[in-house]
Amino acid sequence: MLWPTAAGRPRNLGAVEETAPVSAAMHRAKADARASHVTVGDLRHLPGGRVETDCACGMVLTNGPDWSLDEHIRLHRAEARYLAVSEVAPPGMPRLIEVGADRRPR
């Protein structure tokens with residue numbers, strides 16, 4: 001099968017199946033993370049231009065000196081999805097980042 005690269009040139013992926021279904025466990029983990037990490041309540045404007053809001057998981061999301069509130073929300077949701085899918089990933093699947101028990105949400 002040929003897939004275009006960022007440069008637009010085809011790349012042969014060899015024996016990749018045309019349809020590769022996501023396992024039910026991984027799909028469910030991603031959906032659960034999406035549903036569990038939504039912003040709730042109103043924005044709170046703090047002194048010094050700080051703004052914060054709450055996540056349904058209980059974490060307070062805020063802007064900072066070098067990041068916006070939107071960036072923090074996006075990172076938080078991405079981390080939540082990554083951790084959720086990582087916990088149900090099959091053993092032995094090659095990983096970019098190992099997820100130790102100390103890196104999981106408390």
Side-chain angles (χ1 to χ4, degrees):
M1 168 165 279
L2 298 177
W3 292 86
T5 62
R9 294 184 300 272
R11 173 178 56 164
N12 189 344
L13 295 181
V16 173
E17 297 175 18
E18 279 207 34
T19 57
V22 175
S23 72
M26 291 183 91
H27 180 74
R28 191 171 25 264
K30 184 177 175 183
D32 289 348
R34 186 181 313 114
S36 301
H37 296 276
V38 295
T39 56
V40 294
D42 296 326
L43 289 178
R44 294 180 297 279
H45 296 274
L46 306 173
R50 304 245 340 202
V51 181
E52 67 182 21
T53 192
D54 297 312
C55 179
C57 74
M59 185 171 184
V60 176
L61 305 170
T62 186
N63 64 331
D66 297 321
W67 67 91
S68 70
L69 177 60
D70 181 64
E71 289 171 326
H72 192 184
I73 292 168
R74 289 173 186 272
L75 175 63
H76 179 71
R77 289 176 179 163
E79 287 178 329
R81 284 190 311 272
Y82 173 76
L83 289 172
V85 172
S86 291
E87 289 196 359
V88 298
M93 181 183 279
R95 306 296 294 273
L96 180 63
I97 301 170
E98 289 299 324
V99 180
D102 61 324
R103 298 202 49 194
R104 296 188 179 127
R106 297 179 242 299

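Put simply, CZ on R81 and OG on S86 are 12.0 Å apart, with the number rounded to the nearest 0.5 Å. Considering NE2 of H37 and SG of C55, their distance stands at 5.5 Å, rounded to 0.5 Å. Atom CZ of R50 and atom NE2 of H45 lie 13.5 Å apart (nearest 0.5 Å).
Checking R74, E71, H76 one by one against L61, the side-chain contact (heavy atoms from CB on, under 4.5 Å) holds for a single residue, H76.
The nearest pair of heavy atoms linking A80 to A33 is O-CB, 3.8 Å. Nearest heavy atom pair, residue A56 against residue S36, reads CB-O, 3.6 Å. Of all non-hydrogen atoms in T39 and R77, the two that sit nearest each other are N-NH2, 3.8 Å.
At least one donor-acceptor pair closer than 3.5 Å links the side chain of N63 to the backbone N or O of V51.
Summarising the local packing, CG of D70 is surrounded by more than 12 heavy atoms from other residues, nucleotides or ligands at distances under 6.0 Å.
Side-chain contact check for R44 versus T62: every heavy-atom pair is 4.5 Å or farther apart. Two residues are said to be in side-chain contact when any heavy atoms from C-beta on lie closer than 4.5 Å; M59 and H72 meet this criterion. Counting heavy atoms from C-beta on, the side chains of R28 and V88 never come closer than 4.5 Å.
Hydrophobic clustering, with ILVMFWY side chains joined whenever heavy atoms are under 4.5 angstrom apart, groups L43 together with I73. A chain of hydrophobic side-chain contacts below 4.5 Å, direct or via other Ile, Leu, Val, Met, Phe, Trp or Tyr residues, connects Y82 to L96.
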